Amino acid sequence: MITLNENFLKLQKNYLFADIAQKVATYQQTHPEAPVIRMGIGDVTRPLAPAVIEALHRAVDEMGSAETFRGYGPEHGYEFLRRAIVENDFAPRGIQIDADEIFINDGAKSDTGNFGDILGTDNTLCVTDPIYPVYIDSNVMGGRAGEFKNGAWSRVTYCPCNAENDFVPALPENSADMIYLCYPNNPTGTTLSREELEKWVAYALAHGSLILYDAAYEAYITREGIPHSIYEIPGAEKCAVEFHSFSKTAGFTGLRCGYTVVPKTLTVKAADGTEVPLNGLWNRRQCTKFNGTAYVVQRAAAAIYTPEGKQQVRETIDYYMENARIMRNALEAAGLKVYGGVDAPYIWFKTPEGVGSWEFFERLLHEIHVVSTPGVGFGPAGEGYIRLTAFGTRENTIAAMERLSKLSK
Ligand SMILES: *Cc1c(COP(=O)(O)O)cnc(C)c1O
């Protein structure tokens, strides 16, 4: 008789965005005239860059002609895109990455979730708290998280990030095999300095751990000296894989494309003692379970790296970061303690003393009609914080911030 992967039954219900939607819907039913502004969900709003649209049109036309039609492509992505990535995202930073260490994907969520396929189910985990939920839930599905007791998974080490430690996670005291780091961070919008990232690489090398580094917001870094890639740290090519996405960089949340870096120097010791390169194993996994990202979408992604594309993508990022600046200033002027928003499109702020995340969420909704995300929804260390996104329109951002003065003290 057929049985289930019982690990799926262990998943904790994530009510966060459903709960928010429910609360907003209820409020709007009773207050249909309230001009609600949504600053909760992390999706972009600006259209794709003209260079991307042109590339899409050209690629679509190629598909309509027998001479230029493309069927199945390489599972790991077309050479033109892999090479553009190496030449633009890595070589200028002095990072030696080869095109065959780049795996084009249909977005970073898939690969951050799927990478566990090639790793043992007995590995222990380490995550920062608060956290993007995919890292934990994909490991629950893979049977790696243990049991859920008292609000935490038994085989997961949580490294709290809050105002007390200036959002710099402490290294785990025990041994952790798989370490998920996301910088610039969603949800806190904070970054790790080079020195801090060096500590994690040293830890991973000393303990034989693998760092799964999510660089989805790398393009939002504005300050000098903040690492854009973990491979800026010597030794990371022996202990880290890195996930990138064009979703937030270039508005590809609906188009779907990103890439994963698996250096050839990255090996894991098998049970029989042989050192197995993860690059080959991941390639084998992809060739079996994935048939590549659409050709037209890869052409669209490559257009981001043309001179016009780069400039247009930069303009959109600057637009969002100007929103972030406006938000930071307004929230600080309202007397709130604000984090993030400098190297990331997320603003994370402390609720007033003694007010919980959900309570302040309700006040923002009821008093000034702004939809936020309660920090506690991303993990216990997020209690007492609120996340706002800078992905809205300028008009809405300004309007929402002007309403802050109407918030009761
Ligand atoms: C948005 C986001 C991604 C990107 O996901 P895609 O599947 O590429 O759209 C990855 N990681 C984090 C933390 C994110 O917030």
Side-chain angles (χ1 to χ4, degrees), residues 14 16-17 39-46 48 52 77 81 85 89 102-116 125-139 159 161 167 169 178-192 211-221 227-230 240-261 286 290 292-294 297-298 300-301 304 313 316-317 320-321 324 340-341 343-348 373 375 377-379 381-382 387-392:
N14 189 341
L16 180 62
F17 288 102
M39 305 182 99
I41 292 175
D43 197 1
V44 297
T45 54
R46 306 290 299 160
L48 292 164
V52 169
L81 181 54
I85 288 166
D89 289 350
I102 305 284
F103 294 84
I104 309 301
N105 60 35
D106 61 354
K109 189 195 245 185
S110 316
D111 278 10
T112 47
N114 288 333
F115 207 81
L125 307 167
C126 172
V127 296
T128 57
D129 170 23
I131 189 197
Y132 179 61
V134 174
Y135 312 143
I136 290 193
D137 283 359
S138 59
N139 279 295
C159 302
C161 295
F167 299 92
M178 292 165 63
I179 299 168
Y180 287 86
L181 295 178
C182 171
Y183 287 100
N185 188 258
N186 176 13
T188 66
T190 58
T191 52
L192 272 198
I211 297 175
L212 297 106
Y213 196 77
D214 186 342
Y217 296 94
E218 167 274 319
Y220 287 83
I221 295 173
H228 285 247
S229 163
I230 197 168
V241 292
E242 185 166 279
F243 304 99
H244 286 252
S245 169
F246 299 119
S247 284
K248 317 302 169 18
T249 306
F252 275 50
T253 51
L255 206 51
R256 312 302 306 145
C257 193
Y259 65 90
T260 299
V261 187
Q286 289 298 79
F290 183 59
T293 305
V297 174
Q298 292 191 60
I304 297 166
V313 163
T316 299
I317 291 173
Y320 293 136
M321 292 310 285
D343 297 304
Y346 294 111
I347 307 278
W348 185 253
T373 311
F378 299 101
R387 188 190 79 173
L388 292 179
T389 86
F391 286 134

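Bear in mind that the values here come from a model prediction, so they are computed numbers and not experimental data. Indexing begins at 1, ligand by ligand and atom by atom, following the structure's order. Quick note: numbers below take in every heavy atom, side chains included, and nothing from hydrogens, waters or symmetry partners.
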Checklist entry - Would you say the side-chain atoms of Ser110 and Asn114 include a donor-acceptor pair closer than 3.5 Å? => result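 Short answer, no.
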Next on the checklist: Do Glu218 and Ser229 pair up side chain to side chain, a donor and an acceptor below 3.5 Å, judged on atom types alone?
Outcome noted: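 Result is no, nothing qualifies.
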Checklist entry - Mind checking what makes side-chain hydrogen bond (donor to acceptor under 3.5 Å, both in side chains) contact with Thr190, not counting sequence neighbours? => result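 In terms of side-chain hydrogen bond (donor to acceptor under 3.5 Å, both in side chains), with neighbours along the sequence ignored, Thr190 is linked to Thr188.
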Next on the checklist: Under the rule for side-chain hydrogen bond (donor to acceptor under 3.5 Å, both in side chains), what residues qualify as partners of Asp214, not counting sequence neighbours?
Outcome noted: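 Testing Asp214 for side-chain hydrogen bond (donor to acceptor under 3.5 Å, both in side chains), a comparison that skips the adjacent residues, returns Tyr135.
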Checklist entry - Okay, side chain of Asn185, backbone of Thr191: is any donor-acceptor separation there less than 3.5 Å? => result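 Pair absent, no side-chain N/O of Asn185 close to backbone of Thr191.
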Item to check | With Asp343 via salt bridge (Lys or Arg N to Asp or Glu O under 4.0 Å) - residues at least two apart | outcome: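 Asp343: salt bridge (Lys or Arg N to Asp or Glu O under 4.0 Å) contacts with Arg223.
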Checklist entry - In order of chain and number, which residues sit within 4.0 Å of ligand 1 by heavy atom? => result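 Within 4.0 Å of ligand 1, the protein residues are Gly107, Ala108, Lys109, Tyr132, Tyr135, Cys182, Asn186, Asp214, Ala216, Tyr217, Ser245, Ser247, Lys248, Arg256.
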